[in-house]
Amino acid sequence: MPPTDPDLRRDRWGTRIALITAGLTVLGVIAGGVMLAHNTNGFVTITDGETEAGHLGVPGDAVADGLAAPAFNYTFHGYAAGGLKVTEPVLATPGYQEAQVRRPYEVVEKTDDAGTVTDTLQSYGALLTVYRPGVYDPVRYTDQESITIGGRLGWYSENMPYRDGYASGELPAPGLAWEYADDAWAVISTVGYRASYPREDFIAIAEGFKTVDPYPATTPIDLVSVPDGFTLVSGGASADAPVGVSYLMGSVRLIGQRPEYRGITAPIDPVETGQPTVVVSVYDAAWAKDTEGLKPGEPATCPTEDVCRTLSADGRWVTEAHTRTGQLEKPQLKKIVNEAVIADVSDHATWFPLTDAAS
């Protein structure tokens, strides 16, 4: 049994889940974007499958061995450090990868109308963002506590939001940025509600980080129908914050034109770039209450103009497409969901390479 101490808590998004499980559409509202805009610095087109050193203005000899990976690949695996666990990477973009950071006993709770806990899922309180060479500018950290990680420069902050304007909860939000290779940075950011991991655990994560040969990011979703004018911008086993809730099993996000991943100071919220975007997600039907009207294996229904969804034949998984009103018509959203191919969500060996999932 998990310990019953003050650290047993629901994360920020988990608390929201307990409050908003009356509707999957509310999740769509969150996906529509509540975060403040941040630095995007224009737009650039990056070719899938190419190394991005040239596109990002990084000299070839500045790209560390093993780091000049094709877009939408992962270059590290999960590991344990200090009192924390770093998961396998869960999100890939052209500019960075992300993994979740948790204590073993952190959970998010599912409650019924009476407030009784009926189920739990493992949760997390921080994100590890690993930027490609030339992508990240650590300017937000440079006036914080200077540290050394593996002989390289880093900074630790007692309170550094995941993004500017991003409030993590009741407590300060510790963060740590360090250079893990030439001109390549990684950042640990607190995102959990009331989560405040110890400084020594963040340092242990940074010291334990290592890269591996690139391998493809995967997702349980294969989009047969990709709207004209849209291209892949992110996806994996989770989604862009703040939508990466614990019951989300996978996502693919499309955008009109990709942001430029150069000199950014925080992860990009695609919704706030001003470009049209649509995210297709798969999540556990048992964690949502508004599946009324969804029949297993039946065509998509659309409770609003910007949300359409289906229920898998076994009734276990919801597939949902969400956009902002006016960016895609309802028939287009229906087509995306109806034609999407969903792998065996519980078996990662059946998942699709992310670059194939939106081709």
Side-chain angles (χ1 to χ4, degrees), residues 33 35-60 62-64 66-76 89-99 127-141 161-164 166 175 177-189 211 214-217 219 230-236 238-244 251-279 353-355 357-358:
M35 308 310 301
L36 299 179
H38 55 277
N39 180 20
T40 57
N41 294 324
F43 297 91
V44 67
T45 299
I46 297 174
T47 303
D48 290 338
E50 294 184 4
T51 60
E52 297 178 31
H55 295 282
L56 297 171
V58 182
V63 181
L67 298 178
F72 304 107
N73 272 237
Y74 294 138
T75 58
F76 69 98
V90 296
L91 184 76
T93 79
Y96 51 84
Q97 318 151 55
E98 289 192 323
L127 287 171
L128 170 62
T129 306
V130 178
Y131 293 90
R132 298 168 66 95
V135 170
Y136 183 70
D137 181 350
V139 63
R140 291 200 305 156
Y141 276 89
Y162 177 74
R163 297 188 187 103
D164 285 342
Y166 188 107
W178 80 100
E179 189 182 36
Y180 66 91
D182 291 347
D183 202 24
W185 292 81
V187 179
I188 311 165
S189 303
T211 59
Y215 60 101
T219 180
F230 282 76
T231 189
L232 176 67
V233 70
S234 68
S238 188
D240 308 280
V243 196
S251 77
V252 175
R253 183 181 286 276
L254 308 175
I255 199 168
Q257 190 174 10
R258 288 180 185 152
E260 180 181 9
Y261 293 91
R262 182 193 297 125
I264 62 175
T265 60
I268 291 174
D269 182 352
V271 172
E272 296 297 335
T273 64
Q275 288 288 304
T277 180
V278 57
V279 60
L354 186 55
T355 51

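Numbering starts at 1 and runs along the sequence shown. Computation of the quantities below employed the complete heavy-atom set of this structure, encompassing side-chain atoms and omitting hydrogens, waters and symmetry-equivalent molecules.
Residues Pro94 and Val233 share a closest heavy-atom pair of CD-O, 3.2 Å. Closest non-hydrogen pair, Thr355 versus Leu232, comes out as CA-CD2, 4.2 Å. Scanning all heavy atoms of the two residues, the minimum distance from Asn73 to Pro216 falls at OD1-N, 3.6 Å. The two residues Pro89 and Ala99 make their nearest non-hydrogen contact at CA-CB, 4.0 Å. Across Tyr74 and Gly235, no two heavy atoms sit closer than the pair OH-O, 4.2 Å. Taking each heavy atom of Glu98 and Thr129 in turn, the nearest pair found is OE2-OG1, 2.7 Å.
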#### Entry: side-chain contact (heavy atoms from CB on, under 4.5 Å) between Val187 and Tyr96, intermediate numbers included
CA-CA 11 Å; Val187 179; Tyr96 51 84; over 6 Å; no
### Query
Do Gln97 and Phe76 pass the side-chain contact (heavy atoms from CB on, under 4.5 Å) test, and can you show the C-alpha distance, the side-chain angles, and the key distance before you say yes or no?
CA-CA 9 Å; Gln97 318 151 55; Phe76 69 98; 3.3 Å; yes
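Using a 4.5 Å heavy-atom threshold, the side chains of Asp240 and Pro267 count as separate.
Between the Gln275 side chain and the Ile255 main chain, no donor and acceptor come within less than 3.5 Å of each other. Distance alone, capped at 3.5 Å, places no donor-acceptor pair between the Tyr131 side chain and the Ile264 backbone. Looking only at distances, no side-chain donor or acceptor of Arg258 sits under 3.5 Å from a matching main-chain atom of Thr93. In this structure, Ser251 contributes its side chain and Ser238 its backbone to a donor-acceptor pair below 3.5 Å.
The only option from Leu254, Val271, Asp269 that meets the side-chain contact (heavy atoms from CB on, under 4.5 Å) definition with Thr277 turns out to be Val271.
One distance of note links CH2 of Trp185 with CH2 of Trp178; it measures 10.5 Å at 0.5 Å rounding.
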